[in-house]
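Here is the structure we will look at, set down as structure tokens.
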Amino acid sequence: MSVNLNKPPKNDSGAPISAPTFEDTDGLAPQWEGHLYTAVAGATNIFDELVTTEKRLRGGWYELLNDKAVVGDKVEFSVVDKNDVLGLFALLGLTVGVDVLELRKYVANEYVNPNNMTRQSFIGNSAFLVVAGLYMRSIYDSEGTENVVFKANTLAYE
Amino acid sequence: MAKDLYINGEKKTPKNKVKCPGWCDWEAEVKRVINEKDQEMVNGLTEEQKKKLKKNRGVDFKR
């Protein structure tokens, strides 16, 4: 069987198959949301931001704003449910106020480069729906002896 | 020795963090919650407003 590469593939109904791209945002508007954080030296620092409206999370970036980071410092990002917004706590035997349900960790063990203060970006090849009541959790795990100032931005569509 | 933990700048005792297991379809739960909120919103509309919403958004109140 010969394949004509100049023609797009078609489904069983004869309609051309195409992959959606982010050029088409389905009527949604991008929203860049920045947060300024100070991470306490030598500690694990969690910064939770409450999601207040339904949105589609696509990515984000962080940037070191002072030169206090050291080798071994790392950044993580996840979405968590702290208040049983999704109704999964009972199923998993969890308790509100005691447990935190990590739905997905999008950035893990991202070791920062203390010598590079430019932004480090993460952009997904898809968008992830989050709903009001969940939390976007940034973590800065510090190994140093001086507080680190950094900013974390998220890119979402809503 | 475990490191100190700060949450939004305040020193805290760590909570028990549980990862969502693979069989747990949390993204479906997100869609369910959104659908329920949509339905609640639609329930509060008049018939005229519902027609307008359907016309403007091209949706039949379900995603």
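Naming: A, B, ... by sequence-line order, numbering from 1 per chain.
Both the backbone and the side chain of A:Asp141 come within less than 4.5 Å of a heavy atom in chain B. Within the 4.5 angstrom heavy-atom criterion, only side-chain atoms of A:Phe128, from C-beta onward, approach chain B. Interface residue A:Ser142: only backbone heavy atoms are found under 4.5 Å from chain B. Using a 4.5 Å cut-off between heavy atoms, A:Ala132 contacts chain B through both its backbone and its side chain. Only the side chain of B:Pro21 has a heavy atom closer than 4.5 Å to any heavy atom of chain A.
Atom OG1 of residue A:Thr44 and atom NZ of residue B:Lys12 lie 15.5 Å apart, to the nearest 0.5 angstrom. From B:Trp23, atom CH2 reaches atom CG of A:Leu91 across 4.0 Å, with rounding to the nearest 0.5 Å. A distance of 8.5 Å separates NZ in B:Lys37 from CD in A:Glu54, rounded to the nearest 0.5 Å. For the atom pair CD1 of B:Ile7 and CG of A:Asp48, the computed distance is 6.5 Å after rounding to the nearest 0.5 Å.
B:Trp26 and A:Phe89 end up in the same hydrophobic cluster when Ile, Leu, Val, Met, Phe, Trp and Tyr side chains are linked at under 4.5 Å. Linking Ile, Leu, Val, Met, Phe, Trp and Tyr residues whenever their side-chain heavy atoms come within less than 4.5 Å places A:Phe77 and A:Val131 in a single cluster. Hydrophobic clustering places A:Met136 together with A:Tyr62 (ILVMFWY residues linked when any side-chain heavy atoms are closer than 4.5 Å, directly or through intermediates). Hydrophobic clustering, with ILVMFWY side chains joined whenever heavy atoms are under 4.5 angstrom apart, groups A:Val112 together with A:Phe122. Both A:Val79 and A:Val51 are part of a single hydrophobic cluster, where members link through side-chain heavy atoms under 4.5 Å apart.
Counting heavy atoms from C-beta outward, A:Leu129 and B:Ile34 have side chains that approach closer than 4.5 Å. A 4.5 Å side-chain heavy-atom check between B:Val30 and A:Leu86 finds at least one atom pair inside the cut-off.
Listed by sequence position, A:Leu92, A:Leu94, A:Gly97, A:Val98, A:Asp99, A:Val100, A:Leu101, A:Glu102, A:Leu103, A:Arg104, A:Lys105, A:Tyr106 are the residues of residues 92-107 of chain A in contact with chain B, using a 4.5 angstrom heavy-atom cutoff.
Counted within 6.0 Å of CD on B:Glu36, heavy atoms from surrounding residues, nucleotides or ligands total more than 12; the atom is thus considered enclosed.
In this structure, B:Gly9 and A:Phe47 approach most closely via the heavy-atom pair N-CE2, 4.5 Å.
Without hydrogens or angle criteria, B:Lys17 side chain to A:Val80 main chain gives no donor-acceptor distance under 3.5 Å.
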